[in-house]
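Just so it is clear, the values below take in all heavy atoms, side chains as well, and ignore hydrogens, waters and symmetry mates.
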Amino acid sequence: MEFSQEKMYWIEKLLHEKEDTLEYAIARDKLIKMYILPDDPIVKSNDDYWKKSMN
(Lines give C-alpha, C1' and ligand atoms only; values in the text may rest on other atoms or scores of the structure.)
Protein backbone atom coordinates (compact mmCIF):
# COMPACT_ATOMS: atom_id res chain seq x y z
CA MET A 1 0.00 0.00 0.00
CA GLU A 2 1.35 3.37 -0.98
CA PHE A 3 0.89 6.39 1.27
CA SER A 4 0.77 9.97 0.10
CA GLN A 5 2.50 12.76 2.00
CA GLU A 6 -0.89 13.90 3.29
CA LYS A 7 -1.71 10.44 4.66
CA MET A 8 1.71 10.22 6.32
CA TYR A 9 1.22 13.67 7.86
CA TRP A 10 -2.09 12.67 9.47
CA ILE A 11 -0.76 9.30 10.65
CA GLU A 12 2.21 11.01 12.33
CA LYS A 13 -0.09 13.66 13.80
CA LEU A 14 -2.35 10.98 15.27
CA LEU A 15 0.60 9.12 16.79
CA HIS A 16 2.05 12.23 18.43
CA GLU A 17 -1.12 13.74 19.91
CA LYS A 18 -2.74 12.80 23.20
CA GLU A 19 -5.93 10.80 22.75
CA ASP A 20 -8.26 13.26 24.49
CA THR A 21 -7.23 16.34 22.46
CA LEU A 22 -8.94 18.12 19.61
CA GLU A 23 -5.87 17.61 17.42
CA TYR A 24 -6.09 13.84 17.93
CA ALA A 25 -9.79 13.85 17.04
CA ILE A 26 -9.16 15.87 13.88
CA ALA A 27 -6.32 13.60 12.76
CA ARG A 28 -8.42 10.51 13.47
CA ASP A 29 -11.36 11.95 11.54
CA LYS A 30 -9.13 12.75 8.56
CA LEU A 31 -7.78 9.18 8.52
CA ILE A 32 -11.30 7.75 8.71
CA LYS A 33 -12.34 9.90 5.74
CA MET A 34 -9.27 8.63 3.83
CA TYR A 35 -10.31 5.02 4.62
CA ILE A 36 -7.09 4.41 6.57
CA LEU A 37 -8.93 3.83 9.86
CA PRO A 38 -12.32 2.12 10.21
CA ASP A 39 -15.30 4.26 11.10
CA ASP A 40 -16.73 4.03 14.61
CA PRO A 41 -19.49 1.44 14.96
CA ILE A 42 -23.00 2.78 15.28
CA VAL A 43 -24.28 2.38 18.82
CA LYS A 44 -27.85 1.21 19.07
CA SER A 45 -29.65 3.64 21.33
CA ASN A 46 -32.24 2.83 23.92
CA ASP A 47 -34.07 4.70 26.66
CA ASP A 48 -32.31 3.05 29.63
CA TYR A 49 -30.26 6.16 30.40
CA TRP A 50 -33.29 8.46 30.43
CA LYS A 51 -35.38 6.03 32.48
CA LYS A 52 -32.67 6.03 35.17
CA SER A 53 -32.52 9.84 35.18
CA MET A 54 -36.25 10.20 35.75
CA ASN A 55 -36.27 8.04 38.89
Reported CD-to-CG distance for the pair E12 and L14, which is rounded to 0.5 angstrom: 11.0 Å
Closest contact, heavy atoms only, K7 versus L31: O-CD2, 4.1 Å
Nearest-0.5 Å distance, CG of residue L22 to CD1 of residue I26: 4.0 Å
By side-chain contact (heavy atoms from CB on, under 4.5 Å) - contacts of K13 (at least two apart): Y9, W10, E17, E23, A27
Identified side-chain contact (heavy atoms from CB on, under 4.5 Å) partner of M34 from the options I36, L37, I32: I36
Pairs touching residues 32-46 that satisfy salt bridge (charged side-chain N to carboxylate O under 4.0 Å, His left out), sequence neighbours left out: R28-D40, D29-K33
